[in-house]
S.K.: 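One structure coming up, written as structure tokens, with questions to follow.
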Amino acid sequence: MTHTLVYPITSLHNSAGHLEIDGCDVVDLAAVFGTPLLVYEEETIRDQCRRYMAAFREHTDDFEVIYASKAFSSVAVDQLVMEEGLSIDVSSGGEYHMARVAGFPAERIFFHGNNKTREELEYALCGGVGSVVVDSFQELALLEEIVAGRGGSQRILLRITPGVEAHTHSFIETGQVDSKFGFGLADGVALEAIREALAAPHLDLVGLHAHIGSQIFKLDAFRRAIGILVKLIGQAHAGFGFECRCLNVGGGLGIRYTVEDAPSSIGDYATVKVEGVREEMAAMGLPMPRVLIEPGRSIVGKAGITAYTVGTIKEIPRVRTYVSVDGGMSDNIRPMLYDAQYLGMLANKADEPADTKVTVAGKHCESGDILIRDAVIQRPEPGDILVMPATGAYCFAMASNYNGSPRPAVVLVRQGQARVIIERETYADLVAKHRPLRD
Ligand code: LLP
């Protein structure tokens with residue numbers, strides 16, 4: 001049984017006994033497009049966008065769902081989320097560029113980053129970027145200088161680090177005191193940043209932002225962060241008349257990678273975020289701001305699967321069996337970087353019993369290049385198509401050319417049709433920017 005809790009929502013086993021996603025047989029996709037192959041199901045992405053929009057609409061008319069494109073930045077998916085009415089968060093000039101090529105209206109773009117360069121800021125401002133989320137005093141000064149030079153005014157938010165621990169992997173926790181991101185609360189730093197932003201003649205401080213981490217299951221940390229942010233808003237209001245029109249409470253909702261994972265629902269997440277802001281603002285006697293959220297993983301994570309071809313199988317008696325596939329850490333660094341757990345299955349043997357314990361290894365020259373330790377899958381043979389579900393977020397986005405690996409192709413499937421949205425890199429691409437030692 002393929003769990004649609006973890007796999008894209010239309011996944012099923014077809015009459016050939018293969019894994020099928022929205023009418024596309026994954027074994028056929030692998031044959032046509034090659035492997036490793038990233039397959040996104042359009043329906044799951046749209047469904048997640050709609051769930052977010054509907055859940056927030058239940059609580060307020062004044063909200064904005066902003067896709068954190070770092071999870072998977074591509075022209076086609078940027079277009080898809082745009083069609084669903086989302087705004088977009090970009091964390092670099094490059095992601096900004098992709099969103100613009102996708103046709104995203106500049107005013108719906110939020111520009112993030114703890115070290116935006118002058119060139120990146122100028123590029124985004126030149127295109128009319130909607131909001132810049134300012135991360136440091138240097139950036140505040142730089143932005144004021146650039147905007148003053150160009151004329152006009154720029155909408156900004158300030159990124160606040162609320163000092164909240166988020167119960168997730170420390171590499172993806174961002175709201176704690178000891179963080180490279182944003183303005184901390186200690187020693188009045190955040191308050192001072194608000195004061196300076198309000199005093200900057202060419203900057204329009206519309207609100208605050210906080211993102212406390214990613215792959216978060218329990219909602220209490222979000223609620224605590226909101227309490228802390230609103231207390232700061234109250235102080236800044238009392239101190240220098242700050243009016244918070246927008247409160248961006250970040251992304252971070254976790255998803256299921258395995259059947260045991262138990263993330264909160266989008267509905268509960270929306271309740272905590274909107275009602276949390278409402279309660280805290282009311283307690284402070286302040287008007288309700290627009291509530292902004294920035295989900296990334298939970299928009300695209302479940303929509304994507306990766307298909308590999310099984311190659312070498314090495315059985316070490318009484319130890320383990322290594323099943324090597326034609327990708328690995330170059331297309332999914334998450335198991336190595338975060339100890340991320342994934343499921344696996346053989347798409348061409350979907351109906352056969354999953355009764356064989358193996359370790360799925362990548363093809364790279366490192367012992368640590370392991371995709372799944374102790375996966376229980378159907379009996380593997382060379383040539384089988386091994387699928388890992390829930391690889392839609394932060395896999396292709398963090399892919400590399402390690403060991404001279406061309407990055408995989410990405411296809412989007414919908415109602416029996418598959419469309420290439422990112423071409424597979426070629427060997428020629430690998431050397432396209434290289435120049436020889438001598439002419
Ligand atoms: N907003 C900001 C400012 C962020 O830094 C992030 C993620 C998000 C929103 C979206 O968070 P999400 O809804 O996706 O949890 N590479 C790591 C995840 C890094 C997250 C970085 N920031 C991973 O593979 O788990």
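Order of listing sets the numbers, starting from 1, for every ligand and every atom in it.
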S.K.: For the pair E280 and R223, find out whether any cationic side-chain nitrogen is under 4.0 Å from an anionic carboxylate oxygen.
M.R.: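 A salt bridge links E280 with R223.
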S.K.: Are T117 and L121 close enough that some pair of their side-chain heavy atoms sits under 4.5 Å apart?
M.R.: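 No. Closest side-chain heavy atoms not under 4.5 Å.
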S.K.: Geometry only, no angles: is R297 polar-contacting ligand 1 at N/O separations under 3.5 Å?
M.R.: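 Yes; the residue has a nitrogen or oxygen that sits under 3.5 Å from a nitrogen or oxygen of the ligand.
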S.K.: Looking at residues at least two apart in the chain, or sitting in another chain, which of them share a ring-ring contact (aromatic ring centres under 6.0 Å, His included) with F222?
M.R.: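 F222 satisfies ring-ring contact (aromatic ring centres under 6.0 Å, His included) with Y269 once adjacent residues are dropped.
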S.K.: Check ligand 1 against E294 and write out every atom of the ligand that is under 4.0 Å from a heavy-atom position of the residue.
M.R.: 1 (N), 2 (C), 3 (C), 8 (C), 9 (C), 10 (C), 13 (O)
S.K.: Which atoms of ligand 1 have any heavy atom of R159 under 4.0 Å away?
M.R.: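 Counting atoms of ligand 1 from 1, those under 4.0 Å from R159 are 3 (C).
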S.K.: Is there a nitrogen or oxygen of G296 sitting under 3.5 Å from a nitrogen or oxygen of ligand 1?
M.R.: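 Yes; at least one N/O pair falls below 3.5 Å.
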S.K.: Are the side chains of L253 and I266 in contact, using a 4.5 Å heavy-atom criterion?
M.R.: yes
S.K.: With heavy-atom distances below 4.0 Å as the criterion, list the atoms of ligand 1 near P295.
M.R.: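 Answer, ordered by atom number: 13 (O).
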S.K.: Can you confirm, on distance only, whether ligand 1 has an N/O atom lying under 3.5 Å from any N/O atom belonging to H209?
M.R.: no
S.K.: Heavy-atom contacts with S214 under 4.0 Å: which atoms of ligand 1 show up? List them by number with element.
M.R.: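 Matching atoms, with element in brackets: 11 (O), 12 (P), 14 (O), 15 (O), 20 (C).
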S.K.: Taking only heavy atoms of M398, which atoms of ligand 1 are found under 4.0 Å from at least one of them?
M.R.: 16 (N), 24 (O)
S.K.: For ligand 1, which atoms sit closer than 4.0 Å to a heavy atom of H112?
M.R.: 3 (C)
S.K.: Just so I know, are the side chains of E120 and Y96 near enough to count as touching, which here means a heavy-atom distance under 4.5 Å?
M.R.: no
S.K.: Does ligand 1 come near enough to Y338 that some N or O of the ligand is less than 3.5 Å from an N or O of the residue?
M.R.: yes
S.K.: T359: which residues meet the side chain to side chain donor-acceptor pair (under 3.5 Å) condition with it, sequence neighbours left out?
M.R.: R320
S.K.: Can you confirm if the NZ or CZ of R159 lies within 45° of the ring axis of F181 and under 6.0 Å from the centre of its six-membered ring?
M.R.: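 That pair qualifies as a cation-pi contact.
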S.K.: Does a salt bridge link E42 with R419, judged by any charged N lying under 4.0 Å from a carboxylate O?
M.R.: no
S.K.: Heavy-atom distances under 4.0 Å decide this one: backbone, side chain, both or neither, for V133 against ligand 1?
M.R.: neither
S.K.: Hey, which atoms in ligand 1 end up nearer than 4.0 Å to a heavy atom of A68?
M.R.: 8 (C), 9 (C), 10 (C)
S.K.: Side chains of E95 and H112 only: does a donor on one sit below 3.5 Å from an acceptor on the other?
M.R.: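 No pair is found: no donor N or O on one side chain lies under 3.5 Å from an acceptor on the other.
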S.K.: For the 3.5 Å polar cut-off, considering only N or O atoms, please tell me whether G252 and ligand 1 meet it.
M.R.: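 There is such a contact, yes.
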